[in-house]
Protein chains: 2
Amino acid sequence: MKTGLSTTTLADQVEEKIIEYIKENHLVPGDSLPNEMQFSEMLGTSRNVVREALSRLRMLGLIQSRTKRGIVVTEPPLLNGFKKVLDPNLLSIKTIKEMMGMRIALEIGIAEFLFANITEKKIEELEQIVSRQQAIGINNLSVEDEMIFHTKIYEIAGNDFILQFNRIMHPVFEFSKQNYESYFQPVNEKLNEKGDIIQHTDLLRFIKNSDKEGYQKAMQKHLKPYWEFLYNYD
Amino acid sequence: MKTGLSTTTLADQVEEKIIEYIKENHLVPGDSLPNEMQFSEMLGTSRNVVREALSRLRMLGLIQSRTKRGIVVTEPPLLNGFKKVLDPNLLSIKTIKEMMGMRIALEIGIAEFLFANITEKKIEELEQIVSRQQAIGINNLSVEDEMIFHTKIYEIAGNDFILQFNRIMHPVFEFSKQNYESYFQPVNEKLNEKGDIIQHTDLLRFIKNSDKEGYQKAMQKHLKPYWEFLYNYD
DNA sequence: TTGTTACATTTGTCCTACAAATAGAATTAA
DNA sequence: TTAATTCTATTTGTAGGACAAATGTAACAA
């Protein structure tokens, strides 16, 4: 099969075929695949092409290869590819806004799980985080401090996937705050003047009072700058 | 550089190096990269290895290659990799539960945007969808019908990323409902007995009444079976 | 039975060669 | 001079062969 160049390359097709092979044969993590030469013969392409396709699947975590043992299917870490691709420099404004929307939706929606899982012990841990941050003062809060609180919330909610997802998205928000500082600055100041700023200590109060709706409203306000950016920038 | 086998292969390293190259040189979509031979010489590896690495990035959508023109950076579709990896057969129960949690959080959190963007026209469109489904009867609702309503909600919320994300996750829920039918069946029956089932028509009522909190509570109930599975299965 | 050695298989890497596409230069036509 | 055409050099896509390194397996020894 010595075809020329085209929009879809042989590697693309072989990648697709291998994924099909896994699905059709109902292979699950631990099962082994044909080796490179066998695929090469099965699909009528060079070993090179097969290797390119396998290399992609290996990167995604769908398979692992080991000498002599061959290729085995593995349970993939779902966000491998997402992480590699999420370079703020490469994202359009539209995409950045959508990520902020995702963040807002998740922070509010996760409250369902937060309030279902909350315990005295967790409240204490949150209190420690908050009091440390109160001591620092709101204006001196580093991006890490901001992150620590919210990460703790996700942790309590008990969903590793969402936690991981947020970790990956986080650099985008950091980048945005810096890159669009001239926008965020006045927005924050205006909110400050109106005394409309919700801090972590406020959020914690709602948690202690078991007031889920209150918490969700407060979180909405806490993330107001993002919301403003999303709807009003440009 | 003719080294032996190792946990991290040359292709892994070269992939990393190329990503570094893009970041360090602040390349943005449209900018072009060195060609395969140049990378090969820069990094001291064979063209084969470079091609494997490039093939991965091409799959993610980070770059595009064209004869003679070489390689250019592109804005990647963020969920390319995620989509390829999300085969329900390969997922552990833990992961499936986490996806359900993600779904619940998003459906509730997205209400913020739904109620911010809702218009008369959109309400009408929702009404058409719902009345068609009422005619069919709740017990004859296909999975597509279920999907159509929720997709419309996401569409109104106006976040393409979340919309796409849900499209990708959807097969997991389909798979689960079938695969764990023996669990979902009695749960649904119990909810039915208690008359505690929330249908799309109920959700729409809250939208018409501009009752966001009511909608969120109702959505929580609407997704109750997933919630039950998440917390009580196994 | 257990430990060691040798062998065969499979992945990882390198190299060379050529086909196909095409950007850009050279050439020709208007 | 400008526009259309042809040529050429470059670059990606694909093939196939070679060898190194790792390692499961079988043969062998204690």
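Within every chain, numbering begins at 1; the chains are lettered A, B, ... in the order of the sequence lines, protein sequences first and strands thereafter. In this text, all values refer to a predicted model and were calculated from it rather than measured experimentally.
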> Taking atom P of D:dT11 as reference, at what distance in whole Å does atom CD of B:Glu41 sit?
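To the nearest whole Å, that distance equals 11 Å.
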> Please tell me which of the listed nucleotides, D:dG13, C:dG12, D:dA21, lies nearest to the side chain of A:Arg58?
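It is C:dG12.
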> From the options C:dT10, D:dG13, C:dG12, select the nucleotide whose nearest atom is closest to the side chain of A:Thr67.
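When the side chain of A:Thr67 is considered, C:dT10 is the closest of C:dT10, D:dG13, C:dG12.
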> Is there, by distance only and without an angle test, a donor paired with an acceptor across the side chain of B:Asn48 and the base of C:dG12 below 3.5 Å?
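It does not, because no donor-acceptor pair links the side chain of B:Asn48 to the base of C:dG12 below 3.5 Å.
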> Roughly how many Å is it from CG in B:Leu10 to C1' in C:dT11, rounded to a whole number?
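So the CG-C1' distance, B:Leu10 to C:dT11, works out to 13 Å.
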> For A:Ser46 and D:dA15, is the shortest distance between a side-chain N/O and OP1 or OP2 below 4.0 Å?
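Yes, A:Ser46 has a side-chain N/O under 4.0 Å of OP1/OP2 on D:dA15.
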> Could you tell me the separation between the CE atom of B:Met37 and the P atom of C:dC14, rounded to a whole number of Å?
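Roughly 12 Å, once rounded to whole Å.
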> Can you check whether A:His200 and A:His222 have ring centres sitting under 6.0 Å from each other?
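Yes, they do, as the ring centres are separated by less than 6.0 Å.
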> Of the options C:dC14, D:dT14, D:dT12, whose atoms approach the side-chain atoms of B:Val49 most closely?
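Among the listed nucleotides, the one closest to the side chain of B:Val49 is C:dC14.
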> More than 12 heavy atoms of other residues, nucleotides or ligands under 6.0 Å from NZ of A:Lys17: yes or no?
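No, because the 6.0 Å sphere around NZ of A:Lys17 holds 12 heavy atoms or fewer from other groups.
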> Does B:Glu15 pair with A:Lys84 as a salt bridge, N-O distance under 4.0 Å?
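A salt bridge links B:Glu15 with A:Lys84.
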> Can you work out whether B:Lys68 or B:Arg47 has the more 5'-proximal nearest nucleotide on DNA chain C?
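Looking at the nearest nucleotide for each, B:Arg47 comes out on the 5' side.
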> How many whole angstroms separate atom CG of B:Leu43 from atom C1' of C:dC14?
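Result: 15 Å.
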> Give a yes or no on whether a salt bridge exists between A:Asp234 and A:Lys94, defined as a side-chain N under 4.0 angstrom from a carboxylate O.
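No.
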> Given that A:Arg69 and A:Glu52 both sit by DNA chain D, which one's nearest nucleotide is further toward the 5' end?
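Result: A:Glu52.
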> So, under a plain 3.5 Å distance rule, would you say the side chain of B:Arg66 forms a donor-acceptor pair with the base of D:dG13?
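Answer is no: no donor-acceptor pair is held.
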> Respond yes when some side-chain nitrogen or oxygen of B:Asn35 is under 4.0 Å from OP1 or OP2 of D:dT11, and no when none is.
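Yes, because at least one side-chain N or O of B:Asn35 sits under 4.0 Å from OP1 or OP2 of D:dT11.
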> Could you give the CG-to-C1' distance, from A:Leu57 to C:dT11, as a whole number of Å?
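These atoms are roughly 16 Å apart.
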> Between A:Leu54 (CG) and C:dT10 (C1'), how many Å, whole number?
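The distance from CG of A:Leu54 to C1' of C:dT10 comes to 12 Å, rounded to the nearest Å.
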> Between B:Lys177 and B:Glu181, does any side-chain N to carboxylate O distance fall below 4.0 Å?
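Salt bridge: no.
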> Under 4.0 Å between a side-chain N/O of B:Arg51 and OP1 or OP2 of D:dT11, yes or no?
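Indeed not, no polar side-chain atom of B:Arg51 lies that close.
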> Take atom CD of B:Gln13 and atom C1' of C:dG12, then tell me their distance rounded to the nearest Å.
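From B:Gln13 CD to C:dG12 C1': 12 Å.
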> Starting at the 5' end of DNA chain D and moving along, which residue's nearest nucleotide shows up first, B:Gln38 or A:Ala11?
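With B:Gln38 and A:Ala11 compared, the 5'-side residue is B:Gln38.
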> Could you state the CD-C1' distance from A:Glu36 to D:dG16, rounded to the nearest angstrom?
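Taking atom C1' of D:dG16 as the reference, CD of A:Glu36 is at 14 Å.
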